[in-house]
Amino acid sequence: MTQHLTIVDHPLVQHKLSLMREKETSTAGFRQLLREISLLLAYEVTRELPLTTKVIETPLCEMDAPVLAGRKLALVSILRAGNGLLDGMLDLIPSARVGFVGLYRDEETLKPVQYYCKLPGDLGKRLVIAVDPMLATGNSSAAAIDLMKEAGATDIRFLCLLAAPEGVARMKEAHPDVPIVTAALDEKLNEKGYIVPGLGDAGDRMFGTK
Ligand code: URA
């Protein structure tokens, strides 16, 4: 992937995203849409996975058939909202290894603080796809990527649903080697760090909390 930012403008993605943004969409509806959209985003973020061929037999003849070249994948969910994207991704890539990174924002310093980190052992040998629906300030995403790099990851992509220009700029500064795939680039962050127009708090909307 050569571009730093890819916006997936497929009509199905855009339609489902609009339904997710609507404030009247129920928790169950939001979760279902997120699962469906994550399949479509997974398709895009894995578009350039290398292929090889293997000889197979169809009912008619032998053929040299394309198969994935054995490149191993790791999905890393940035808690807690990342889990919503993770579920759909695992439907499509069931053999992927999975890691979790938990960060919260210190109210005084406003810096991300790690409270959980469990990553697959051989990250350096894998294509790592970090998932978090909302790329807002980019501070926690950049910190999560730091942890993945400390654990040996060298080939990382960041998959989100919505990005704010501020978050994209922060990620570009901290991790210019990490391509970002998103369904939309929104207008801005508000004073509370929410993406505008956005969809609200992704975790609250998917888990029904407030
Ligand atoms: N996290 C969210 O869940 N929503 C935002 O708008 C920003 C960060």
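Indexing begins at 1, ligand by ligand and atom by atom, following the structure's order. The basis for the numbers below is simple: all heavy atoms, side chains too, and nothing from hydrogens, waters or symmetry mates.
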Begin with the C-alpha distance, continue with both residues' side-chain angles, and end with the deciding distance and a verdict on side chain to side chain contact (heavy atoms under 4.5 Å, CB included) for F158 and T182. CA-CA 8 Å; F158 186 86; T182 183; over 6 Å; no
With nothing but distance in play, are any N or O atoms of [X] less than 3.5 Å from an N or O of ligand 1?
X    : answer
A136 : no
G200 : yes
G203 : no

Checking a contact table here: which protein heavy atom is nearest atom 3 (O) of ligand 1, and how many Å away?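 Answer for atom 3 (O) of ligand 1: A202 N, 2.8 Å.
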Nearest neighbour in protein (non-hydrogen) for atom 6 (O) of ligand 1: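 For atom 6 (O) of ligand 1, the nearest protein heavy atom is I195 N, 2.8 Å.
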R80 bridged to D204 by N-O distance under 4.0 Å: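 Here R80 pairs with D204 in a salt bridge, since their nearest N and O are under 4.0 Å apart.
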Would G193 count as a contact residue for ligand 1, given that I'm defining contact as a non-hydrogen atom of the residue lying under 4.0 Å from a ligand atom?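 Contact check G193 vs ligand 1: positive.
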Considering only residues two or more places apart or on different chains, which pairs with a residue in residues 10-21 satisfy salt bridge (charged side-chain N to carboxylate O under 4.0 Å, His left out)?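 Listed once each, the pairs are K16-E36, R21-D186.
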If you count the non-hydrogen atoms of other residues, nucleotides and ligands that lie under 6.0 Å from NZ in K149, is the total more than 12?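 Yes - once you tally the heavy atoms of other residues, nucleotides and ligands closer than 6.0 Å, there are more than 12.
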Please report the interatomic distance CG(D9) to CG(L185), rounded to the nearest 0.5 Å.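 Between atom CG of D9 and atom CG of L185 there are 12.5 Å.
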I need the minimum non-hydrogen distance between V168 and A163, along with the two atoms involved.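 Minimum heavy-atom separation between V168 and A163: CG2-CB, 3.8 Å.
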With heavy atoms of Y194 as the reference, note each atom of ligand 1 found under 4.0 Å away.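 Per the distance check, 4 (N), 5 (C), 6 (O), 7 (C).
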